[in-house]
Protein chains: 2
Amino acid sequence: MIETFETVAKAVADPNRTRILKLLEGGELCVCQITTVINLSPGGISKHLNALKAAGLVQQRRGGKWVYYRLADREINPNATQFLALLRDSLNDDPTVVEDRELLSHVNFIPLGILCAQGRAAIAPVVDEPLSSPCCGVSP
Amino acid sequence: MIETFETVAKAVADPNRTRILKLLEGGELCVCQITTVINLSPGGISKHLNALKAAGLVQQRRGGKWVYYRLADREINPNATQFLALLRDSLNDDPTVVEDRELLSHVNFIPLGILCAQGRAAIAPVVDEPLSSPCCGVSP
DNA sequence: CTATCATTTTACCAATTAGCAAAATGATAG
DNA sequence: CTATCATTTTGCTAATTGGTAAAATGATAG
């Protein structure tokens with residue numbers, strides 16, 4: 001029992017995993033979408049997702065070619081539910097979380113086929129553009 | 001910000017530290033009381049307490065020869081407050097936590113001077129006695 | 001001021017973990 | 001069936017962490 005609690009707390013105690021959980025608060029995502037936003041190797045993301053699943057924090061579903069993850073809705077583990085509730089009220093103003101959400105909003109426009117193939121390159125131009133660079137059509 | 005959250009979550013994600021926090025829910029305790037119940041080396045306990053303090057989960061107070069720790073009451077860190085609330089509703093039926101509380105109830109009868117000097121030996125006879133050993137005055 | 005004693009810090013070891021690259025898996029499309 | 005492609009698993013390395021023993025600290029009592 002204390003072991004279960006520990007598993008969940010450990011799963012939450014990693015910044016990349018909390019970032020993933022905060023992303024999933026917006027609804028389910030496929031692995032390559034998560035990978036694009038968090039910017040780790042696919043293997044690394046998969047391992048994190050596995051840790052979250054083992055803790056009962058997320059669930060999986062295959063849809064065609066892709067695997068989608070979402071926050072656990074079925075109550076597998078009461079500890080997990082409580083941690084998810086805590087997390088929902090936390091970090092909403094965290095710069096990294098805000099940035100991830102912003103990036104995700106761009107990612108959402110990209111068809112999965114293209115996104116999975118190209119990864120971050122599919123959105124790179126948007127990413128590197130800071131704010132008000134004098135672009136396209138400003139008078140010489 | 002996410003770093004603070006991570007610090008708190010990491011602090012909670014260790015079973016010996018959660019045991020300490022659950023003990024402190026009953027009120028402040030001096031280091032040697034905690035050491036006796038958790039049964040780690042003093043150095044180890046001190047390090048755990050330091051991690052909890054760094055996370056804003058506990059506070060310190062010196063009283064004469066001894067240092068007392070308690071759950072953070074001043075709101076140092078909103079994350080910490082939330083985790084403490086979560087923890088208060090968790091693990092209350094956990095065997096280890098229950099056992100720790102039981103042991104603490106015995107420890108509470110022992111003057112600190114004796115407890116700090118003798119450590120677990122001061123309560124050892126109670127600890128090893130299971131339940132109904134045929135003791136003192138049962139007919140031959 | 002010195003000795004004592006609770007606590008903290010330090011030095012070190014064993015175990016765990018996050019990360020990547022590359023191989024393995026397993027589903028889909030032809 | 002075979003090829004492709006998303007995801008997972010598998011070594012492997014570097015870094016972190018929990019534990020102890022022992023030295024250092026710092027307050028108290030004589």
Side-chain angles (χ1 to χ4, degrees), chain A residues 2-3 6-7 9-20 28-55 58-70 107 110-120 122, chain B residues 2-3 6-7 9-20 28-55 58-70 107 110-120 122:
Chain A
I2 204 174
E3 306 79 14
E6 193 194 342
T7 304
K10 273 216 185 95
V12 170
D14 175 272
N16 287 323
R17 284 194 292 264
T18 57
R19 288 172 68 192
I20 293 174
E28 71 175 8
L29 294 171
C30 101
V31 177
C32 79
Q33 290 176 303
I34 299 170
T35 305
T36 302
V37 175
I38 306 290
N39 207 22
L40 289 183
S41 67
I45 293 289
S46 184
K47 211 156 53 165
H48 282 312
L49 287 170
N50 197 46
L52 293 170
K53 191 178 61 172
V58 304
Q59 288 170 263
Q60 242 177 341
R61 154 180 98 84
R62 176 171 281 271
K65 248 170 154 175
W66 298 290
V67 175
Y68 295 89
Y69 282 83
R70 66 181 181 283
V107 168
I110 305 169
L112 287 185
I114 296 174
L115 186 65
C116 287
Q118 303 186 7
R120 210 154 236 249
Chain B
I2 203 174
E3 306 79 14
E6 192 194 344
T7 304
K10 272 215 185 95
V12 170
D14 175 272
N16 286 323
R17 285 194 291 265
T18 57
R19 287 171 68 192
I20 293 174
E28 71 174 8
L29 294 172
C30 102
V31 176
C32 79
Q33 291 176 302
I34 298 170
T35 305
T36 302
V37 174
I38 305 291
N39 207 22
L40 289 183
S41 67
I45 293 290
S46 186
K47 213 156 51 163
H48 282 313
L49 287 169
N50 197 46
L52 293 171
K53 192 179 60 172
V58 304
Q59 288 171 262
Q60 242 177 340
R61 153 181 98 84
R62 176 170 281 272
K65 249 170 153 175
W66 298 290
V67 176
Y68 295 89
Y69 282 83
R70 66 181 180 284
V107 167
I110 305 170
L112 286 185
I114 297 175
L115 186 66
C116 288
Q118 303 185 8
R120 209 153 236 248

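Keep in mind that what you see is a predicted model, and the values were worked out from it rather than measured. Proteins come first, then strands; the chains are lettered A, B, ... in the order of their sequence lines, and each starts at number 1.
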Within the pair [X] and [N], is there a side-chain N or O less than 4.0 Å away from OP1 or OP2?
X       : N      : result
B:Gln60 : C:dT8  : yes
B:Arg62 : D:dT28 : no
B:Tyr69 : C:dA6  : no

Gap separating the [atom1] atom of [X] from the [atom2] atom of [Y], nearest 0.5 angstrom:
X       : Y       : atom1 : atom2 : answer
A:Thr35 : A:Leu49 : OG1   : CG    : 7.5 Å
B:Ser46 : B:Leu40 : OG    : CG    : 12.0 Å
B:Lys10 : A:Lys10 : NZ    : NZ    : 11.5 Å
B:His48 : B:Asp14 : NE2   : CG    : 5.0 Å
A:Gln33 : A:Tyr68 : CD    : OH    : 7.0 Å

[X] [atom1] - [N] [atom2] separation (whole Å):
X        : N      : atom1 : atom2 : answer
A:Leu115 : D:dC5  : CG    : P     : 15 Å
B:Gln118 : C:dC5  : CD    : C1'   : 14 Å
B:Lys10  : C:dT17 : NZ    : P     : 12 Å
B:Glu6   : C:dT17 : CD    : P     : 15 Å
B:Ile34  : C:dT7  : CD1   : P     : 9 Å
A:Ile114 : D:dC5  : CD1   : C1'   : 15 Å
B:Leu49  : C:dT8  : CG    : P     : 7 Å
B:Leu29  : C:dA6  : CG    : P     : 17 Å

Quiz item: Which of these, A:Ile38, A:Asn50, A:Val37, A:Asn16, sits in a side chain to side chain contact (heavy atoms under 4.5 Å, CB included) with A:Ile45?
Solution: A:Ile38

Quiz item: Within the side chain of B:Arg120, is there an N or O that forms a donor-acceptor pair under 3.5 Å with the backbone of B:Thr36?
Solution: yes

Quiz item: If you look at every strand shown and take non-hydrogen atoms under 4.0 Å, does B:Tyr68 touch a base, only sugar-phosphate, or nothing?
Solution: nothing

Practice problem: Would you indicate what B:Gln33 reaches in the nucleic acid, counting non-hydrogen atoms under 4.0 angstrom: base, sugar-phosphate, or nothing? | Solution: nothing

Exercise. Kindly state each residue pair satisfying salt bridge (charged side-chain N to carboxylate O under 4.0 Å, His left out) with at least one member in residues 28-41 of chain A, sequence neighbours excluded.
Key: A:Glu28-A:Arg61

Quiz item: Is the SG-SG separation for the cysteine pair B:Cys32 and B:Cys116 below 2.5 Å?
Solution: yes

Quiz prompt | Terminal helix-axis angle for the helix from C:dC1-D:dG30 to C:dG30-D:dC1, with five pairs defining each axis and rounding to 10 degrees | solution = 30°

Self-check item: Non-hydrogen atoms of A:Trp66 and A:Gly113 that approach each other most closely
Solution: CZ2-N, 3.8 Å

Practice problem: Side chain of A:Lys65 only, please: which of C:dT28, C:dT8, C:dC5 is the nearest? | Solution: C:dT28

Self-check item: Nearest-nucleotide 5' precedence on DNA chain C, A:Gly63 against B:Ser46
Solution: B:Ser46

Quiz item: Which comes earlier along DNA chain D counting from the 5' end, the contact point of A:Asn50 or that of A:Ala117, where each point is its nearest nucleotide?
Solution: A:Ala117

Just the atom pairs and distances: protein N or O near nucleotides 19-22 of chain D's N or O, under 3.5 Å.
| unit_1 | atom_1 | unit_2 | atom_2 | d |
| --- | --- | --- | --- | --- |
| D:dG19 | OP1 | B:Asn16 | ND2 | 2.5 |
| D:dG19 | OP2 | B:His48 | NE2 | 2.3 |
| D:dG19 | N7 | B:Lys47 | NZ | 3.2 |
| D:dG19 | O6 | B:Lys47 | NZ | 2.8 |
| D:dT20 | OP2 | B:Ser41 | N | 3.1 |
| D:dT20 | OP2 | B:Ser41 | OG | 3.1 |

